[in-house]
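Quick caveat: nothing in here was measured; it's all calculated off a predicted structure. Convention: sequence-line order gives letters A, B, ...; per-chain numbering from 1. For the numbers below, each heavy atom of this structure counts, side chains included, while hydrogens, waters and symmetry mates do not.
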2 protein chains.
Amino acid sequence: MSAPSFRNWQSVQEEVRRRIHARIWKPGDLIPNEADLALEFGCARTTVNRALRALADAGVLDRRRKAGTRVAAQPVAKATLQIALIKTEIRERGQDYSYQRLTRSKSIPPAAISDVMQTAQSRALLHIRALHLADDKPYAFEDRWINTDVVPSARAEAFDMLSPNEWLLTHTPYTHGEIAFSATEATADEAAVLKCAEGSALFAIDRMTWDGARSVTKVRLLFRPGHQLRTNL
Amino acid sequence: MSAPSFRNWQSVQEEVRRRIHARIWKPGDLIPNEADLALEFGCARTTVNRALRALADAGVLDRRRKAGTRVAAQPVAKATLQIALIKTEIRERGQDYSYQRLTRSKSIPPAAISDVMQTAQSRALLHIRALHLADDKPYAFEDRWINTDVVPSARAEAFDMLSPNEWLLTHTPYTHGEIAFSATEATADEAAVLKCAEGSALFAIDRMTWDGARSVTKVRLLFRPGHQLRTNL
DNA sequence: AAGTGGTCTAGACCACGCG
DNA sequence: GCGTGGTCTAGACCACTTA
């Protein structure tokens with residue numbers, strides 16, 4: 001039972017996971033280097049590297065040149081959330097999706113918006129408020145600002161049939177963005193739109209995307225009470 | 001300007017990103033295969049593969065054998081959340097961290113807990129309620145159940161100095177887990193502990209981990225009003 | 001200074017899944 | 001069937017970091 005021989009990187013990864021789980025290699029421990037493991041496992045170093053790199057990406061290992069590879073002392077739980085289109089999200093739950101545009105206007109945003117989007121305070125942005133429904137019941141309220149200097153083609157869009165959520169995804173490239181999750185109490189307006197009690201705890205997603213140094217869009221999504229965002233570890 | 005020659009996978013990745021951003025390759029388009037790109041870029045196919053694989057992982061490309069590689073029609077936003085220790089989280093904000101155990105008992109959980117943890121209804125679990133503080137102000141309330149059949153050594157822990165959050169991370173291996181984010185209204189108890197108004201909107205994280213088929217622990221973390229979980233896209 | 005991971009290469013074989 | 005991505009190999013050089 002000396003050399004079981006591991007022929008692919010997944011099996012090497014499994015073996016390393018097994019040893020960590022079995023406490024053969026404990027949190028904080030230095031494990032053998034790639035060359036030694038390759039020898040032991042009977043495969044090329046490249047294969048070991050692939051396996052260890054994947055484990056490092058997953059937060060299970062800490063790797064540093066010269067210092068070697070250690071079992072992570074504090075395995076950071078990395079939850080990867082798939083932020084899909086709301087339409088897709090609802091349909092995957094087996095529910096009917098529908099959409100209502102509430103308002104559309106070109107207007108000067110409040111300072112809180114122009115500040116974070118870093119647009120001139122006097123600059124008008126496209127403001128859309130819309131509702132996403134599941135089985136004809138309010139599911140999420142979308143409140144969005146679009147920088148038409150960056151996305152001029154949005155000026156021609158009514159967004160009465162297609163949500164900005166969806167239109168922007170296929171029409172607007174962005175380089176980076178931020179996303180934040182929080183809980184907020186429903187204002188009277190929001191409660192009316194979502195048909196819930198004023199002051200209800202709502203799950204909120206705030207997202208802002210950039211194209212280089214220019215902000216493309218900022219959106220706040222408010223979900224009906226009880227909404228959960230789930231994922232696996 | 002015909003053959004700039006790309007010498008590493010990052011530069012290949014950048015070039016592909018550039019072409020997508022510049023709409024040379026549009027959403028849904030089929031892009032050349034690896035061999036052709038390797039030829040064009042003047043590097044080995046392995047290098048192109050590495051770059052394209054990374055982009056597929058990031059959700060920018062869709063790859064299928066024989067079908068080839070396409071620019072993702074709906075670039076799924078993948079937000080990777082780093083769920084660190086609360087202690088670490090607070091200290092990284094430059095605040096003082098402190099901890100208070102509120103209660104510790106071995107007790108029969110409500111059906112809602114034994115159901116999701118798949119433990120026998122009559123089985124007592126270790127129940128800990130604790131508070132995490134930032135600069136001596138309530139930051140998060142931890143309500144945790146531990147399956148002592150799976151983690152017998154937890155029986156000897158008082159959890160009066162070290163939070164279960166931290167202790168479990170280094171003492172208990174798990175194979176997989178689930179995590180859910182939601183918003184909830186503070187009950188009278190929760191409001192008292194967090195020193196906020198009853199009915200406040202609280203950000204909640206529910207996490208459950210498993211070791212194979214057996215549940216290890218289930219925890220609910222309730223954060224003080226205004227808490228945000230942020231990440232980049 | 002030296003050891004470790006990071007990466008590139010050229011070539012090869014394989015497995016999946018369209019047509 | 002066969003084209004495409006997925007992966008392995010052996011060897012090489014490099015870059016970072018720590019001792």
More than 12 heavy atoms from other groups under 6.0 Å of CZ on A:Arg23:
yes
Contacts satisfying salt bridge (charged side-chain N to carboxylate O under 4.0 Å, His left out) that involve residues 208-221 of chain A (not counting sequence neighbours) are A:Asp206-A:Lys218, A:Asp206-A:Arg220
- Item | Plane angle bin for A:Phe223 and A:Phe203 - parallel if under 30°, tilted between 30 and 60°, otherwise perpendicular | tilted
Check residues 175-183 of chain B and write down every donor-acceptor pair under 3.5 Å in which the side-chain atom is one partner and the other belongs to a residue at least two apart or another chain.
from	atom 1	to	atom 2	distance (Å)
B:Thr175	OG1	B:Trp210	O	3.1
B:Thr175	OG1	B:Gly212	N	2.8

Whole-Å distance, A:Asp57 CG to C:dG5 C1', equals 14 Å
B/S/- along nucleotides 4-12 of chain D (protein heavy atoms under 4.0 Å) is BBBBSBB-B
Exercise. Taking the six-membered ring for Trp and the single ring otherwise, decide whether the centroids of A:His132 and A:Tyr139 are under 6.0 Å apart.
Key: no
